[in-house]
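What follows is one structure encoded as structure tokens, with my remarks underneath.
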Amino acid sequence: MKELAKTYDPKGMEDQIYKNWEEKGYFHAAVDRSKKPFTIVMPPPNITGQLHMGHALDNTMQDILIRYKRMQGYNALWQPGTDHAAISTEVKVIENLKSQGISKDELGREGFLEKCWEWRREYGGRIVKQLKKIGSSADWERERFTMDEGCSEAVEEVFVKLYEKGYIYKGEKIINWCPVCQTSISDAEVEYEDQHGHFWHINYPVAGEEGRFVQIATTRPETMLGDTALAVHPDDERYKDIVGKNVILPLVGREIPIVADEYVDMEFGTGVVKITPAHDPNDFEVGKRHDLPIINVLNDDATINENGGKYAGMDRYEARKLIVSELEEQGLLVKVEDHDHNVGTHDRCHTTVEPMVKPQWFVAMSELAKPAIAAIEKGELKFVPERFDKTYLHWLENIRDWCISRQLWWGHRIPAYYCDECGEIVVARSKDAPDVCPKCGCTHMHQDEDNLDTWFSSALWPFSTLGWPKSTEELDYFYPTDVLVTGYDIIFFWVVRMVFSGYEHTGKSPFHTVLIHGLIRDDQGRKMSKSLGNGIDPLEVIDKYGADALRLTLITGNAPGNDMRFYWERVENSRNFANKVWNASRFIMMHLEAFDGKDPGLDALYPEDRWILSLVNTVARDVTENMDKFELGIAVQKVYDFIWDEFCDWYIEIVKPRLYAKAEDPKSANAALWTLNTVLTNALKLLHPYMPFVTEAIFTSLHPEEESIMISDWPVYREDWHFAAEESELDHAKDLVRGMRNLRTDMDVPPSKKAKLFVTSAKADVRDIFEKVKHTYMGLAGATEVVVQEGDAGIPGDAVSFVIPDAVVYVPLEDLVDKAKETERLTKERDRLAKELARSKGMLSNEKFLSKAPAEKVAEEKEKQKKYESMMADVEARLAAMKN
RNA sequence: GGAACCGUAGCUCAGCCGGGAUGAGCGCUCGCCUCACACGCGAGAGGUCAGGAGUUCGAGCCUCCUCGGUUCCACCA
């Protein structure tokens, strides 16, 4: 047994412990058919990422589940890996190059990709190192990367398959375009921001009818350059006569038709909408219905293109200004109103997104979504907490096709090849990349320039990491996985896509449970963000208080799926708890040196020994239940309360006199030591998934013969450790000690002043109990001797006394009796009892309660009333005695 | 416009099947450096469970409404 320091200091110790675990190979899960698998795939952090509180929470939760299952004897695999993070990485590398004066185009595709790989080699492992700091017991030997050979193969396989089934298609569609990143982005990547804008009312002259105008309203006047129609509602009486006529597009001079379409809201604006199919998603749809031409007026960088005539080359906002002022000059601008609206922005760079018509690749979602929806109904997939299945279903039921092409270089390139001669498109795996056009036989084939959305590869993560499309042993054994742990913010991006991909490619849901957690906010409830500078670095927390303290803080005091605020005070409390466990263990180990190591047998145990054994047994059962329901916060709270309130504050205190008197009564001390050792060991095990480091440090000191707590067995409930009688006996003892403490406080009796204590009860069984446990309050209550005697509540005048159920205790303290204080105390007690009695009587005189409530409830209430009545009688008697 | 969540002690939050508010952490008051721990021990103070109505023998918990707050989705040119 090693000497332990006076305060727990996680620094240094944690790294050493982690290194040992890793070296021993405890994290590795090999296929072993004799054991049941339990699998979690880690949401792959971006290689550009720095560990933040979200990761810390996410990975702590997964680590807890994995450690728990591993201790239960499962073959627990936590499959880790990292994500190439297409746009994030590309932006980072470009910035990096910029500082060296190099541009992306200068390098060319090959050269740029080389730089990206270099960047990844240099920084890509950083996040993994940080994940290790919080104690993540992932199987790092199996670490994967979304762009490694296997994952890339899976991506191509899926693309080709979906293309062959007709789910992937190329189409001209209106997509969200980021003019700064110069790429398309998916709907999910668009973030709406409230912006103050204007509503410009503009008159469009009706063709051939001098002096007649149609008034429209728009928030983006520059797009009028691309107008190809006006639209009104078919039922709108105001405009019935002009449907079918033409108007002249101001500033441009083009004649465009007026069409009727139900999309128009008669109540809004003027009831006339300009239709710009190239630059508005709704207009695009209207354009399709009415077969309108599409005129794109913007370049990729959001400047006006050659279709914009004299405005060509101007930035979109410059052009807007000029167009408005020219309209004003021509008297066509009717009015300008202030107008607040939501503007779509790119979630990475916050540039206003420009809807554009571009040829892009899409995944048709309606068929693929069906099994993912059915999964919830069939119970093959469940969210914890359950309410998130509504979010999930709502999105799936309204799903749109997924735009998967991105105009980036870093990532998976689209496996499509075009013939320069005849335009033939071939979709093929890269090993089958065509050199010769299958149609015209020419050799001028070139690959699509675009890449796939990052989430395309992430969607395959649960099975691509296990070897799919190859049919590996791992895939067969560990797949489908069990639980996915993630934040609610990526249900759409990721969870949905993994589920439908799982069904499509493996025929199964990739996991049966999705455990959702919330966001960690700052102490004012704000999101932690770089721009606000309010982020708290988990590594700083670990450095100051240790990983265990951070983990405990993140898990407690928060319901699943809810956001939580981060307070340093709470971390401090968690650290204090680690220290409490440390010190309790230190105390126990000091005394264990005298332990003979023999199991004394349950019969040799004292009531308090059986009591704490019974409690730890119950706690093990309850904690297991909670963990199986993913109630991690509740589970650890129970362990915390048990260790601190019951084990430390009561049991260790009760047992001290026996330890100190081990020379006089070695048998008693031995029973206590056995109990201390056993209960502590079990408590440490229950705590280990949450606080792996302290528990390991203590465990290996306590049990030098054992390798690690990580691979020890999870405590299971034992019938022979259940002692109901002792639990109630100890309740009596605790009552008595509390009474005695109160008395001492009220009487200002110093702890050093010991006293003889008389317990009087008319009931034989109650006297029995006190007789059995009387030694337990010798130390705690400061008693020199305890006399249990038969009799009713007769208190000598020179004693102070207090009531506990079915008994009266008095202490002769001649020198210290203070009649006034004692009377006051008893009066308070009487008032409390009177209140209880009134409530109880009220309930028992309620006929409806008596007739309709379950019989045992009524009986219980009657019991209580009896008890109160007897206590009341005692108090009254003593009050009367005080008067004399 | 649709949806979800929240409103419990001064602050931040727990509260399982409806059955005495058993609450936790921090903060506060009082007393203790008691030979594991002052990162501690003991004793306290503090609550109309947002408001209203209903169901029930009984509601923090179920139903409806109102008020206040947060978030997600959709989006009107």
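Each of A/Y488, A/F388, A/Y392 was checked for a ring pair (Phe, Tyr, Trp, His ring centres under 6.0 Å) with A/F383, and the lone residue meeting it is A/Y392.
Note on residues 543-576 of chain A: pairs passing ring-ring contact (aromatic ring centres under 6.0 Å, His included), not counting sequence neighbours, are A/F566-A/W568. Every pair passing salt bridge (Lys or Arg N to Asp or Glu O under 4.0 Å) that includes a residue from residues 544-556 of chain A is listed here, sequence neighbours excluded: A/D63-A/R551, A/E540-A/K544.
With hydrogens and angles disregarded, no donor-acceptor distance shorter than 3.5 Å links the side chain of A/D347 to the backbone of A/V190.
The nucleotide whose nearest atom lies closest to any side-chain atom of A/K6 is, among B/A38, B/G25, B/G42, B/A38. Checking B/C39, B/C76, B/C73 against the side-chain heavy atoms of A/F268 singles out B/C76 as nearest. The A/R586 side chain lies nearest to B/A36 when the options are B/C72, B/A36, B/C75.
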Look for any protein N or O under 3.5 Å of an N or O in nucleotides 12-15 of chain B and output each such pair with its distance, or none.
from  : atom 1 : to     : atom 2 : distance (Å)
B/U12 : O4'    : A/Y567 : OH     : 3.4
B/C13 : O2'    : A/G557 : O      : 2.7
B/A14 : OP1    : A/N562 : ND2    : 3.2

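Residue contacts for A/W644: at a heavy-atom cut-off of 4.0 Å it reaches the sugar-phosphate backbone alone, with no base atom in range. Among the heavy atoms of the strands lying under 4.0 Å from A/Y192 is at least one base atom, whether or not backbone atoms are also near. Residue A/R400 is in sugar-phosphate contact alone, with no base atom involved, counting any heavy-atom pair closer than 4.0 Å across all strands shown. Looking at heavy-atom distances under 4.0 Å, A/N573 makes contact with sugar-phosphate atoms alone, never a base. Within 4.0 Å of A/H279, counting heavy atoms only, lies no atom of the nucleic acid at all.
Glycosidic conformation of B/C17: syn, with the torsion inside 90° of 0.
Ion pairing between a basic and an acidic side chain is recognised when a charged N comes within 4.0 Å of a carboxylate O; A/K274 and A/D227 show such pairing. Remark: A/D236 engages A/R238 in a salt bridge, criterion side-chain N to carboxylate O under 4.0 Å. Comment: A/K638 does not engage A/D641 in a salt bridge, judged by the lack of any side-chain N to carboxylate O separation of less than 4.0 angstrom.
Checking the phosphate oxygens (OP1, OP2) of B/C72, a side-chain nitrogen or oxygen of A/K527 falls inside 4.0 Å. A close approach under 4.0 Å does occur between a side-chain nitrogen or oxygen of A/N282 and OP1 or OP2 of B/C76. Using a 4.0 Å cut-off, some side-chain N or O of A/Y660 falls inside it from OP1 or OP2 of B/A36.
B/G69 and B/U29 are spaced 33 Å apart, taking the C1' atom of each and rounding to whole Å.
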